*Asks:* 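I'd like to ask some things about the structure below.
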Amino acid sequence: MSELLDQLNEPQREAAACTEGPVMIIAGAGSGKTRTLTYRIAHLIELGVDPFSILALTFTNKAAAEMKERIMKLVGSEARNIWMGTFHSVFARILRSEAQKLGYINTFTIYDNDDSKSVIKQIVKDLKLDDPKKYSPGTVLNRISMAKSNLLGPEDYMNNPEIQQTDNDAQRPLIGEIYKMYNQRLRNAMAMDFDDLLFNMNVLLRDFPDVLLKYQNRFKYIMVDEYQDTNFSQYCIVKKLAARYQNICVVGDDAQSIYAFRGANIQNIFNFRRDYPNLNLFKLEQNYRSTKMIVDAANSIIAKNVEQIEKEIWTDNAVGNLIRLLRAADEREEGNLVADSIQKAHIGEGLPYKSFAILYRTNVQSRAIEEALRRADIPYRIYQGISFYGRKEIKDVLAYLRLVVNNYDDESLIRIINYPARGIGNTTLDRIRVAAADNDVAIWTVLENLPSFGLGLSSGTLQRITDFVMMIKLFSSMLQTTNAYDLAKQVVYASRIIALLEEDKDDPDNRERVENIKEMLNGVKEFCEKDDQFSEIENELPHPDNSQFKTLDQFLQQVLLLTSEDKDDDKESDKVSMMTIHAAKGLEFPYVYVMGLEENLFPSSLSLFSRQELEEERRLFYVAVTRAEKQLVLSYALTRYQYGKSSCQEMSRFVEEIDSKYIELPRRQKSFPNVGELPRAFQGVKGIKFSPEAEQGFAQPASQPKSKNLKPIAKASATHKGPTAQNTAETINAIQPGMTVRHDKFGTGKVLSCEGAGKDRKAVVFFEGIGQKTLLLAFAKLIIIE
DNA sequence: AAATAGCGCTTTTTT
DNA sequence: AGCGCTATTT
């Protein structure tokens, strides 16, 4: 037996050494799951298996990168050739190379959720439904996503009585119809959404036996991490790919399944036994991460769930401290208590900030905590708050880049055709959109053949559209000859986005936006220079031009599928980590604070209808608890601002479910009035302290009641307007290019050009120090000066 | 056409 | 409380 595996414990070693045939590893929290997987792959390579024939699917790209790093340390750099990444990124890459088979161009765009919702919103609008509110984009997208995850196309959806029943009951019978149109529009746009990447991979393997055979032969060894969080679609892909060699190893923990809400199917774990009766099953039950206290408490929590695989998690670690519970008057004080506790430990015991993590159920909670940390001068880092690529200015730039790579990308086109403003307004755009939808083509197709659609656009509008199309075409023609960085730089410059942002420098936000864009360009530059940044997959499937430089479409490919990519320097820096519990999966910290343990928040009020959903919340709590190595602190607030007003909160049932022998309750708890028993006048009033900690002076005083209800009553007076009579035809027609005019707000300016007649007549005027403005003369009260 | 004011709506988690 | 969308204003 290899020396390599000597570094594992018994069950880990057995699991890693069992390389042939189907294997399932049930790995409890902190049981060395990643380690086992890492050594298993290293072992395979050591045995002489070609890294190119190993496929390892992980939950995040970061996890893949880290694992690959560790494998390379164990067996050398050839490990870089392992296929490793998320389902989405690996299969997106394969789909790129096989796109034509499915009727896509290989530079197809990946639509993110915002893009998808925007498409749905437009469809609902086009359908002119009686009650469009029933079809909120989020809800519809959820339904479609659920269908795609279960490999149900639009036809299947509409023919499925159960689904139709559900939709009818919810008074939204037309979702199937919307689904069909949605798919059609995505296809016209040469775009796939996240679910399509998996759905279409299934189609590819189903309809092209030669392709299936090719990848079956390529991936002789397949490993899937976090198997409990795979959905049906992913399950099918894996099953098909592994069918030939059956060297399939799945790793997971049913107790940590927390993504059922987005289609993950915990049954996949149970089904695995049925699909591969000859499987080898290993259980990793020794926890190396946490104290006995934490492990036992976690066990007591998860025991409340009915559905689970039998296992017994234990540890040899020290007993450790009791779990602590903090109670605060409101979320502001809750933040202060936590910040205070961290600061005391940091100063008193010399613990580095980076050994602390603060976890919460929803992202909105982060704000109060953030403020508390800032007040206490504690450095922190939020994991995926608003991701960099979610910022508006970045999305704008990306839209330009996406459109250059794929002209049919409707969503990008709509986003930027008039940003910065170039005189192609909503009226024009709407007409074009209708034409595109009516003819079942992409918007770009309409733009390229505008005359033949006879939309009755003015010659000026036609010219502006032509200019725009020419600009994009010019850049598209440079794709194969210009590297991603140079091209992106040119596009950003030509788009004039930065110039627009720099117009009002008064806005400090704009400075930051410009910086962000520059930072993004830097990212493109790094991408071009580093040749191994995303090497996990790029060694295979050579891109059409696998030459010296990286192309823009290569850059875009991976941008959308990035999970929160961590910067190296941040890992080093000494900061407290803040994140949602979902984001904390797979991580561990010596000191963990879980905040907001309140009914209706955690568990979420939306989960209380069914046992399944409540059990998922409980697993989420289990995940939170098991992140902690040494000390776990829970906290909750008696009142909390939600939806703009204060509401009374009750302690979470999850806290009560922990056996009292593991938990230390707040001091002087009994002397506390329950907030519900207070005179009404005091309920929800900030500034009243309930907690002993606050009385002891550790916490900052809570905020003063804000007197924002004292807004001026007589606001009607402000709305009084002077006469706003429209200008007469005489005045309108009198204005001609070359004139100097005066405007109420913009001051004096020079008329550059005029267009149209009568009430539609408008003028482009250049104002000193303000810039160029297009004004509708019927409304703008221009005074002719000369 | 573009800027602004007011309104209603939302708010779980994310590849 | 914050946001995007609609209606209104210029």
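Reminder, nothing fancy here: chain letters follow the sequence lines and each chain counts from 1. Values reported hereafter were calculated over all heavy atoms of this structure, with side chains retained and with hydrogens, waters and symmetry mates removed. On a predicted model such as this, the values are computed, not experimentally measured, just so you know.
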*Asks:* Any luck finding a side-chain donor-acceptor pair between A:Q122 and A:R433 under 3.5 Å?
*Replies:* yes

*Asks:* Check for me whether A:R619 meets the cation-pi criterion with A:Y622, that is, NZ or CZ under 6.0 Å from the six-membered ring centre and within 45 degrees of the ring axis.
*Replies:* no

*Asks:* May I ask you to check whether A:F261 and A:H582 place their ring centres under 6.0 Å from each other?
*Replies:* yes

*Asks:* Within 45° of the ring axis of A:Y419 and under 6.0 Å from its six-membered ring centre, is that where the NZ or CZ of A:K392 lies?
*Replies:*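 A:K392 over A:Y419 ring: yes.
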
*Asks:* Over how many whole Å does the gap from A:N600 atom CG to B:dT11 atom C1' extend?
*Replies:* 13 Å

*Asks:* Looking at A:R361 and B:dT13, is any side-chain donor or acceptor paired with a base atom of the opposite kind under 3.5 Å?
*Replies:* yes

*Asks:* Would you tell me if any nitrogen or oxygen in the side chain of A:R367 comes within less than 4.0 Å of OP1 or OP2 on C:dG2?
*Replies:* yes

*Asks:* Nearest of B:dT14, B:dT12, B:dA1 to any side-chain atom of A:L606?
*Replies:* B:dT12

*Asks:* Quiz question: going by heavy-atom distance under 3.5 Å, is there a donor-acceptor pair between the base of B:dT13 and the side chain of A:N363?
*Replies:*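 Under the 3.5 Å cut-off, the side chain and the base do not form any donor-acceptor pair.
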
*Asks:* Give a yes/no answer on whether the side chain of A:N418 brings an N or O atom under 4.0 Å of OP1 or OP2 in B:dA1.
*Replies:* no

*Asks:* Looking only at side-chain N and O atoms, does A:K121 come under 4.0 Å of OP1 or OP2 in C:dC5?
*Replies:* yes

*Asks:* Rounded to the nearest angstrom, tell me the gap between atom CG in A:L141 and atom P in B:dT15.
*Replies:* 14 Å

*Asks:* Taking the P atom of each, how far is B:dT11 from C:dT6, in whole Å?
*Replies:* 16 Å

*Asks:* Quick check for you: among B:dT12, B:dT11, B:dT13, whose closest atom lies nearest to any side-chain atom of A:V364?
*Replies:* B:dT11

*Asks:* Just N and O in the side chain of A:T580: are any of them under 4.0 Å from OP1 or OP2 of B:dT14?
*Replies:*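 Result: yes.
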
